[in-house]
Amino acid sequence: MKILVCISNVPDTTTKVKFTDNNTKFDSTGVQWVINPWDELALTRALELKDNPASGVKGVTVAHVGPATSEPTIRKALAIGADDAIRVNFEPTEAYQVAAQLAEVIKNEPFDIILCGIESSDYNGSTVGSMLAEFLNAPSVSAVSGLNVENGEATITRDIDGGKETVSVPKPFVAIVQKGIAKEPRIAAMRGIMQARTKQIKVVEPVSVSPLTELIEFEPPKPRAKCIFVDAENPKQLIELLQNEAKVI
Amino acid sequence: MSVLVFTENWDGNFKKLSFELVSYAAKVAEMTGTTATALSIGQVSDDELKKLGNYGAKKIISLKSDLLKNLDSQAYTAAIAEIAQNEGAKIIVLANNNMGKSIAPRLSVRLKAAIGSGTNKLPLSTDPFVVYRKVYSGNAFAHLKLNTEIKILTLMQNSFDPVETANEASIENREVSIDGAMVKTQVKDVQKQTGKLLLTDAEIVVSGGRGMKSPDNWGPLVELADLLGAATACSRPVSDEGWRPHEEHTGQTGKIVAPNLYIAVGISGATQHLAGVSASKYIVAINSDKDAPIFEAAQYGIVGDAAKILPQLVNAVKEVKAK
Ligand SMILES: Cc1cc2nc3c(=O)[nH]c(=O)nc-3n(C[C@H](O)[C@H](O)[C@H](O)COP(=O)(O)OP(=O)(O)OC[C@H]3O[C@@H](n4cnc5c(N)ncnc54)[C@H](O)[C@@H]3O)c2cc1C
C-alpha cells in the first residue's frame with residue numbers, strides 16, 4: 001500500500017509579503033521557502049503510518065508541481081523521510097492547473113491514499129485536494145483531523161461544525177488534512193539529510209492545461225487605525241469605548 | 001440564467017451564515033441582472049425554507065433524498081451540478097466552510113468553472129468578472145479574474161451582512177439522479193458538542209495566550225466571554241500545552257475567524273496567529289508588553305497584567321449590564 005503526499009513550496013510563514021511589477025508579482029527577494037505547513041503535517045502522518053508495520057503502508061512518495069528551483073523543498077521532504085519524489089516540471093498560476101497535473105501523475109502511477117493539505121499558506125485556496133479527487137473521479141474527504149490505517153484499511157476522522165465524524169471511503173481516495181492529523185511536524189535528522197541526497201526525484205513533463213483564472217493585481221492590506229490605549233488603572237473605559245464608539249457590545 | 005446558492009442546514013435549521021449567503025447571492029444576482037435561487041439539501045421544513053426567501057431568494061429548491069443524509073463529496077457535487085445545469089446557473093455560491101470546501105472545488109472541475117474561493121466582498125466587477133480574495137494568509141488580497149462562463153464563489157463566514165427584504169419565494173421539491181452506488185462515504189460515528197456557541201459562528205471572541213500563565217487562570221476570561229455572549233479561543237501554544245481544547249486554537253494552522261470583536265489576552269500577535277484573526281472587525285489587545293506586535297493589529301489596547309485586568313473588565317461589563 002502506497003501513500004502520495006502532495007506538497008506545495010511556500011514562503012516561510014513569517015515572510016514580510018511584498019510585490020513587484022505594479023503589484024502583479026510576489027517579490028521573492030530574500031524569501032525562505034518551506035514545505036507548506038499542512039503538507040508537512042500530512043507527510044509526518046504518512047511516515048508515522050509507514051513506521052507501524054500493522055498499517056500495511058509500504059511506501060511514501062511526495063509529489064510537487066513546480067520548477068527546478070523548488071527542489072530544495074522536495075529534498076527537505078525526502079530528508080524528513082519520504083522514499084522518493086515526483087516533480088512535474090511546470091510553474092502553475094492556479095490550483096486548477098496543479099490539480100490537473102497531479103491527476104496525470106496518479107493516472108500513470110496509482111496510489112492508495114493521496115494526502116493534501118487543507119490550504120497553501122500563499123494562495124489560501126483550499127481547492128487542490130478536492131479538485132484532484134474530481135479529476136480522478138475518486139472519493140475525497142475534507143477537514144480530516146485523523147487518519148488511521150490498519151492492514152490497509154483506513155479510518156478517517158473529519159471535523160464538522162461543532163464536532164467530529166468517523167468515516168470510511170473506498171481506496172483510492174484523497175484526504176484533505178488539517179490540524180490534528182499529526183501533532184508536530186517531523187524534523188529531518190542528520191542521517192535523513194544524508195540519505196536524501198541519493199533519493200530519486202523523478203521529473204515528469206507537464207500536460208497542457210489552460211488556466212481558468214487570471215490574477216489582475218495584489219493589494220496589500222489596508223493599514224489599521226492606530227491603537228487607542230486605555231489606562232490599565234481604568235479598564236472600565238475599554239468597555240465604554242466598545243459599547244459607545246465601536247458599538248460591538 | 002440565475003445565481004444558485006447552496007446552503008446547508010444544521011439539524012433542519014438554517015443559521016446566520018445561510019442568510020449571509022442568500023443575501024450575498026441576491027446582490028450578485030442583481031449585479032448580473034438575474035435572480036437568486038437557493039438550494040437546500042436535507043430534511044428542512046417549508047417554514048424554515050421560506051426564511052431563505054426573506055433574504056432575497058426568488059426560488060427555493062429542496063432536495064430531501066435520504067442518499068444525501070451525510071456529506072459525501074461526490075454525491076453532493078453531482079446533485080448540485082445537476083441542479084445548476086437544470087437552472088442554467090451561471091454563478092454558484094457556497095460557504096467557505098468545511099462543507100463548501102469539500103464541494104466547490106469538485107464542482108469547479110466538473111463544470112469547468114473558475115472558482116474564487118474565500119471571497120469576503122461582492123465581485124469588484126462583473127464584466128470582466130473580478131473577485132476579491134485573501135492571499136498570503138491575510139498579508140495581502142488578490143483581484144482575481146474568472147474567465148469561464150460558469151463561475152463559483154465561496155464566501156467567508158461573517159463577511160457579508162444579511163439583508164431582509166419583502167419577497168415572495170416559491171418552494172420546489174426536486175429529485176436528482178443519484179443512486180446508492182455513488183455514495184462512497186460511510187459515516188461510522190458522530191461526536192457532537194451541543195449547546196455550545198461555535199467559535200466560527202461567534203460575533204465576539206475572547207482569546208487567551210501564553211500570557212495567561214497557567215490553565216488555572218482561565219476563570220475570569222471564561223466569565224467575561226459568558227457575559228458578552230462570546231466564544232472562547234486561544235493561541236496555538238496554549239492548545240499544544242493542553243491548557244485549552246484544540247477546537248479553540250485560532251490562527252493559520254487552527255480556526256480562521258472573523259468576529260465583530262476579538263479580544264486577545266496575553267497573546268503576542270505572531271503573524272501565524274494574526275493570519276487567523278486579522279479579518280475581525282475590531283481587535284482588542286491586553287498585554288503586559290507595550291511593544292507586543294498585537295498592538296499593531298489592535299484598535300484598542302491596555303498595557304498591563306491580564307490577571308489584574310480581566311476581573312476588572314468582568315466587573316465593568318456587569319455594571320453596564322445592570323444599567
Ligand atoms: C508554521 C507555523 C504555524 C503556526 N500557526 C499558529 C497558529 O495557527 N496560531 C497561533 O496562535 N500560533 C501559531 N504559530 C505559533 C506562533 O508563531 C507563536 O509562537 C504563537 O502564536 C505565540 O503564542 P502566544 O502569543 O500565546 O505566546 P507568546 O508569543 O509567548 O506571547 C505571550 C504574550 O503574553 C504577554 N504576557 C506575558 N505575561 C503577561 C501578563 N501577565 N499579562 C498580559 N500579557 C502577558 C507577553 O508580553 C507576550 O506578548 C505557528 C508557528 C508556525 C511556525
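As a basis for the values below, the full set of heavy atoms in this structure was taken, side chains included, without hydrogen atoms, waters or symmetry mates. Convention: sequence-line order gives letters A, B, ...; per-chain numbering from 1. Keep in mind it's a predicted model, so treat the numbers as computed, not measured.
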For the CG atom on N108(A), are there more than 12 heavy atoms of other groups (residues, nucleotides or ligands in this structure) within a distance under 6.0 Å?
yes
Identify which part of I176(A) has an atom lying under 4.5 Å from any heavy atom of chain B, answering side chain, backbone, both or neither.
neither
Let's test your reading of the structure: which of H246(B), E296(B), E319(B), K196(B) forms the most heavy-atom pairs below 4.5 Å with chain A?
H246(B)
If you count heavy-atom pairs under 4.5 Å with chain B, which of S145(A), P211(A), A100(A), G125(A) comes out on top?
G125(A)
Kindly compute the distance separating CD1 (I239(A)) from CD (Q312(B)), expressed to the nearest 0.5 Å.
11.0 Å
Whatever's closer than 4.5 Å to a heavy atom in chain B on A246(A) counts as both
Is there a side-chain contact between V284(B) and L242(A) (heavy atoms, below 4.5 Å)?
yes
Does the R158(A) side chain pair with the main chain of N98(B), one donor and one acceptor, at a distance under 3.5 Å?
no
Quick check for you: to the nearest 0.5 Å, what is the distance between K192(B) atom NZ and E165(A) atom CD?
7.5 Å
Among A95(A), S121(A), G180(A), G129(A), which has the most heavy-atom pairs under 4.5 Å with chain B?
S121(A)
With side chains defined as the heavy atoms from C-beta onward, is the minimum distance between K281(B) and V248(A) less than 4.5 Å?
no
Take E233(A) and I309(B) through the side-chain contact (heavy atoms from CB on, under 4.5 Å) test and state the conclusion after the steps.
CA-CA 8 Å; E233(A) 299 303 317; I309(B) 289 162; over 6 Å; no
Proximal component of T271(B), with respect to chain A [non-hydrogen, under 4.5 Å]
side chain
Report the option among T253(B), N260(B), T148(B), L146(B) that has the most heavy-atom pairs separated by less than 4.5 Å from atoms of chain A.
T253(B)
Residue K308(B) excluded, over 12 heavy atoms near NZ under 6.0 Å:
no
So what's closer than 4.5 Å to chain B heavy atoms on A138(A): side chain, backbone, both or neither?
backbone
Output the distance between atom NZ (K247(A)) and atom CG (L261(B)), rounded to the nearest 0.5 Å.
14.5 Å
One pair to check against ring pair (Phe, Tyr, Trp, His ring centres under 6.0 Å): Y300(B) and F229(A). What are the steps and the verdict?
CA-CA 6 Å; Y300(B) 299 105; F229(A) 284 97; over 10 Å; no
Just how far is it from atom CD of Q243(A) to atom NZ of K323(B), taken to the nearest 0.5 Å?
8.0 Å
side-chain contact (heavy atoms from CB on, under 4.5 Å) between L212(A) and K112(B), intermediate numbers included:
CA-CA 8 Å; L212(A) 309 183; K112(B) 207 156 196 238; 4.3 Å; yes
Candidate pair M99(B) and I160(A), rule side-chain contact (heavy atoms from CB on, under 4.5 Å), full reasoning:
CA-CA 8 Å; M99(B) 173 86 83; I160(A) 51 170; over 6 Å; no
Contact winner vs chain B - A133(A), A143(A), A225(A), heavy-atom pairs under 4.5 Å
A133(A)
Crowding at CD, E150(A) (>12 non-hydrogen neighbours, <6.0 Å):
no
Which bit of K188(B) comes within less than 4.5 Å of chain A, counting heavy atoms only: side chain, backbone, both or neither?
both
Would you give the length of the straight line joining atom CG of N97(B) to atom CG of D159(A), rounded to the nearest 0.5 angstrom?
12.0 Å
Do P235(A) and I302(B) have side-chain heavy atoms sitting under 4.5 Å apart?
yes
Check for a donor-acceptor pair, side chain of N139(B) on one end and backbone N or O of V17(A) on the other, with a separation under 3.5 Å.
no
Non-hydrogen atoms of chain A under 4.5 Å away: do they reach the side chain of A285(B), the backbone, both or neither?
neither
Heavy-atom distances under 4.5 Å only: say whether E184(A) touches chain B with side chain, backbone, both or neither.
side chain
Choice from G138(B), A142(B), S137(B) maximising heavy atom contacts with chain A below 4.5 Å:
S137(B)
Is F19(A) close to chain B through its backbone or its side chain, or both, or neither, when contacts mean heavy atoms under 4.5 Å?
side chain
Is it the side chain or the backbone of F135(A) that comes within 4.5 Å of chain B heavy atoms, both, or neither?
both
Is it the side chain or the backbone of T154(B) that comes within 4.5 Å of chain A heavy atoms, both, or neither?
neither
If only atom types and distance count, is the side chain of R106(B) paired as donor or acceptor with the main-chain N or O of N137(A) below 3.5 Å?
no
Chain B heavy atoms under 4.5 Å from K226(A): which part of the residue, side chain, backbone, both or neither?
backbone
Would you say Q299(B) and I228(A) make side-chain contact, with heavy atoms under 4.5 Å?
no
Part of V303(B) lying under 4.5 Å from any heavy atom of chain A
both
Heavy-atom distance under 4.5 Å to chain A: side chain of I103(B), backbone, both or neither?
neither
Please report the interatomic distance NE2(H143(B)) to CD(E217(A)), rounded to the nearest 0.5 Å.
4.5 Å
Under 4.5 Å between any side-chain heavy atoms of Q252(B) and W38(A), yes or no?
yes
Need one label for E203(B): side chain, backbone, both or neither, based on atoms under 4.5 Å from any heavy atom in chain A.
neither
Between P11(A) and Y136(B), is there a side-chain heavy-atom distance shorter than 4.5 Å?
yes
Do P139(A) and T185(B) touch side chain to side chain, with heavy atoms closer than 4.5 Å?
no
Does any backbone or side-chain atom of K15(B) lie under 4.5 Å from a heavy atom of chain A? Answer side chain, backbone, both or neither.
side chain
Between S130(A), A99(A), A232(A), the one whose heavy-atom pairs under 4.5 Å with chain B are most numerous:
S130(A)
Is it true that a side-chain atom of S126(A) and a backbone atom of K101(B) form a donor plus acceptor pair closer than 3.5 Å?
no
Between K236(A) and N315(B), does the side-chain contact (heavy atoms from CB on, under 4.5 Å) criterion hold? Intermediate values first, please.
CA-CA 8 Å; K236(A) 206 176 134 190; N315(B) 287 336; over 6 Å; no
Given a strict heavy-atom distance threshold of 4.5 Å, which part of F129(B) is in contact with chain A: side chain, backbone, both, or neither?
neither
Interface residue of largest heavy-atom contact number with chain B, from P37(A), S120(A), P220(A), P170(A), under 4.5 Å:
P170(A)
Shorter than 4.5 Å, heavy atoms on both sides: which option in K151(B), K134(B), E8(B), K145(B) has the most such pairs with chain A?
K145(B)
Which portion of P223(A) sits near chain B, non-hydrogen atoms under 4.5 angstrom:
neither
So which residue, L124(B), L144(B), I115(B), ends up with the most heavy-atom pairs under 4.5 Å with chain A?
L144(B)
Answer whether the closest heavy-atom distance between the side chains of S239(B) and K179(A) falls below 4.5 Å.
yes
Under a 3.5 Å cutoff, is there a donor and acceptor pairing between the side chains of T127(A) and S117(B)?
no
Given the options G301(B), G304(B), S278(B), A316(B), which has more heavy-atom pairs under 4.5 Å with chain A than any of the others?
G301(B)
